[in-house]
Amino acid sequence: MPQFLRVQVPADGAKIQVKQGKLVVPDNPIIPFFPGDGTGPDIWKAAQGVLDAAVQKAYKGKKKIAWMRVYAGLDALQTYGDDTVLPEETLAAFKEFHVGLKGPLTTPAGGFKYVCLVCAKEQGDVDGKRPAKCVACGSEFVTARFRSVNVNIRQKLDLYACVRPVRWFKGVPCPVKAPEKLDIVIFRENTEDVYAGIEFEQGTPEQKKVYEFLTKEMGKKFREDSGIGIKPISIFCSTRLIRKAIQYAIDHNKPSVTMVHKGNIQKFTEGAFRDWGYQLAKAEFRSQVVSETELWDLHGGKLPAGKVLIKDRIADQIFQQLLLRPEEYSVLATPNLNGDYLSDAAVAQVGGLGLGPGANIGDETAVFEATHGSAPKYAGKDQVNPGSLILSGVMMLEHLGWQEAADLIVRSLEKTILSKRVTYDLERQMGGATKLKCSEFGAEIARNMDAVLESAAS
């Protein structure tokens with residue numbers, strides 16, 4: 001086990017093991033977590049209460065999570081100093097204990113930015129230098145510049161599959177007429193594409209070298225004053241993501257896997273993603289899958305029992321399809337950027353990011369997370385919806401094999417929403433609803449678990 005400096009390993013917990021690619025979960029697994037920035041501490045407190053209550057009630061005290069606090073983002077800067085936003089021991093903890101849960105983190109927009117530790121406001125250089133004080137609140141505690149910690153976690157732990165289930169929960173107000181028709185799981189490649197961060201700023205010597213190579217050596221034409229980004233999409237990363245999506249569909253009796261791409265324009269990156277996916281499906285899952293061409297040529301358009309349909313859609317087309325014909329899609333596999341856009345758009349159809357869970361999963365490590373941002377203007381106000389983090393915890397429980405606790409949370413959440421006792425984001429869209437604080441909403445979900453269990457037993 002790694003030697004931790006500031007992380008305290010719970011004495012009452014046990015390690016999750018991985019044997020032959022499968023998790024071996026004790027009754028008291030150690031789960032690393034951090035609340036996150038901004039609203040993170042508020043939603044974490046609510047979510048932890050719901051998760052602990054569900055585990056206790058579902059297993060009558062025989063199982064319990066041993067939570068282990070780790071640090072990242074602004075919290076890490078305050079704890080470690082030295083401009084550390086992602087301590088090595090946080091990465092080591094996730095890797096050592098295999099399963100973790102995290103709140104939202106501040107992700108600076110644009111380039112590298114400074115971020116205030118007190119008010120979380122982003123700011124740039126002042127007269128070309130690091131600011132001595134926060135321009136927003138006057139605090140002297142201003143961090144160094146950094147890029148996305150979320151992306152760093154995914155890349156350094158090789159959490160190559162961003163998995164986001166999108167479904168409607170009864171009672172949630174939605175902008176579409178039939179939100180219940182949308183029930184999908186998005187598998188988004190997590191480590192490459194434009195998120196690889198290979199960029200060259202306009203006007204730098206590096207940009208000039210790349211520009212001259214592309215124009216003089218490769219014969220490409222574009223404006224000299226361009227910032228330049230590289231979009232790598234590989235066979236290795238594409239096929240392992242699509243393999244995981246197909247296997248998920250098989251394991252969970254899902255009818256189809258749709259590869260989403262912009263291959264009509266980006267033929268050698270996103271077009272290749274699609275081509276490699278079809279090749280993989282045929283090579284590794286031949287007896288279990290049917291292509292869309294085979295569906296019509298060989299089966300008259302009717303999917304044979306027990307088979308998974310493999311198909312593809314252009315990225316802009318799928319946005320329309322999920323609105324107009326959502327019931328035709330179940331599992332989607334996408335390159336990184338497409339999946340980012342699509343998962344947020346899809347969850348808007350069923351109520352918004354407040355109820356959108358997510359996970360970053362590799363071969364031996366999985367980190368579950370709230371899918372929304374840190375919303376620093378609401379920090380400490382006990383106001384925002386903790387549903388995204390709660391439902392990410394549900395995904396984590398399912399990953400552990402603790403389905404009874406996961407199901408209990410989902411049923412209790414739905415009961416709470418149907419009672420119209422909800423946080424402000426839902427209350428303002430419901431007639432006759434009662435507005436609850438973040439902490440009150442979590443406590444209401446936990447209280448409703450007893451009624452859910454009684455109903456199931458009767």
Side-chain angles (χ1 to χ4, degrees), residues 10 12-14 25-31 33 35 39 41-67 99 101 103 165 167-173 179-180 183 350-351 354-357 359 368 370 382-427 429-458:
D12 60 345
V25 182
D27 288 339
N28 56 339
I30 296 171
I31 304 292
F33 79 94
T39 58
D42 284 348
I43 65 173
W44 171 259
K45 186 176 180 181
Q48 184 181 9
V50 171
L51 293 168
D52 286 342
V55 171
Q56 196 280 328
K57 293 175 184 294
Y59 305 110
K60 297 179 171 53
K62 294 179 181 178
K63 294 184 179 184
K64 182 180 180 180
I65 295 173
W67 298 104
V99 177
L101 183 62
R167 53 156 291 191
W168 181 63
F169 292 90
K170 292 178 182 178
V172 174
E180 70 280 359
D183 187 0
V350 293
L355 292 171
F368 299 82
D382 194 19
Q383 185 174 349
V384 299
N385 189 340
S388 176
L389 189 58
I390 290 171
L391 290 170
S392 297
V394 168
M395 291 182 69
M396 183 191 75
L397 293 173
E398 291 174 337
H399 189 71
L400 296 177
W402 292 8
Q403 193 65 49
E404 297 85 355
D407 291 342
L408 178 57
I409 293 174
V410 171
R411 292 197 296 270
S412 299
L413 173 64
E414 284 194 326
K415 181 176 177 61
T416 304
I417 293 171
L418 287 168
S419 73
K420 294 188 176 183
R421 293 178 57 78
V422 292
T423 47
Y424 80 96
D425 56 314
L426 299 177
E427 179 268 341
Q429 301 178 70
M430 292 178 173
T434 300
K435 182 169 68 174
L436 300 182
K437 296 178 180 180
C438 172
S439 57
E440 292 171 337
F441 186 57
E444 190 79 4
I445 295 170
R447 275 194 296 271
N448 281 330
M449 290 178 187
D450 289 332
V452 168
L453 289 171
E454 290 174 7
S455 176
S458 61

### Query
Do the side chain of Ser392 and the main chain of Ser388 share a donor and acceptor less than 3.5 angstrom apart?
yes
#### Entry: Ser455 side chain to Val452 backbone, donor-acceptor under 3.5 Å
no
### Query
Any salt bridge (charged side-chain N to carboxylate O under 4.0 Å, His left out) pairs touching residues 396-419, not counting sequence neighbours?
Arg167-Glu414
### Query
So which of Glu440, Glu427, Glu444 actually passes salt bridge (Lys or Arg N to Asp or Glu O under 4.0 Å) with Arg421?
Glu444
### Query
So do the side chains of Ile43 and Cys438 get within less than 4.5 Å of each other, counting heavy atoms only?
yes
### Query
Are any side-chain N or O atoms of Asn28 and backbone N or O atoms of Asp12, one a donor and one an acceptor, separated by less than 3.5 Å?
yes
#### Entry: Pairwise side-chain contact, Thr423 with Pro386, heavy-atom cut-off 4.5 Å (strictly under)
yes
### Query
How many angstroms lie between atom CG of Asn448 and atom CG of Leu418, to the nearest 0.5 angstrom?
10.0 Å
### Task
Indicate the atoms forming the closest heavy-atom contact of Asp382 with Lys437, along with that distance.
O-CB, 3.2 Å
### Task
Decide yes or no on side chain to side chain contact (heavy atoms under 4.5 Å, CB included) for Val99 and Phe368, but give the supporting numbers first.
CA-CA 8 Å; Val99 177; Phe368 299 82; 4.0 Å; yes
### Query
Distance from Ile417 atom CD1 to Leu426 atom CG, nearest 0.5 Å?
6.0 Å
### Query
Who are the ring-ring contact (aromatic ring centres under 6.0 Å, His included) partners of Phe33, not counting sequence neighbours?
Trp44, Trp67
### Query
Taking the side chain as C-beta and beyond, is there a heavy-atom pair between Asp27 and Lys62 under 4.5 Å?
no
### Message
Distance check, rounded to the nearest 0.5 Å: Ile65 atom CD1 versus Leu101 atom CG?
### Response
8.5 Å
### Heavy-atom closest pair, residues Leu400 and Val25
O-CG2, 3.6 Å
### Residue pair Val55 / Leu397: nearest heavy atoms and the distance that separates them
CG2-CD2, 4.0 Å
### Message
Using 0.5 Å steps for rounding, measure from the CG atom of Leu453 to the OG atom of Ser412.
### Response
7.0 Å
### Task
Determine the minimum heavy-atom distance between Phe441 and Leu413, stating which atoms define it.
CZ-CD1, 3.8 Å
### Query
Is there a side-chain contact between Val50 and Met449, using heavy atoms and a 4.5 Å cut-off?
yes
### Query
Shortest non-hydrogen contact from Phe169 to Leu355?
CE1-O, 4.3 Å
### Summary
One should read off an interatomic distance between Leu51 CG and Leu389 CG, to the nearest 0.5 angstrom, of 7.5 Å
### Nearest atoms (heavy-atom pairs only) where Tyr424 meets Lys435
CB-CD, 3.6 Å
### Query
Can any side-chain N or O of Lys57 pair as donor or acceptor with the backbone N or O of Asp450 at less than 3.5 Å?
no
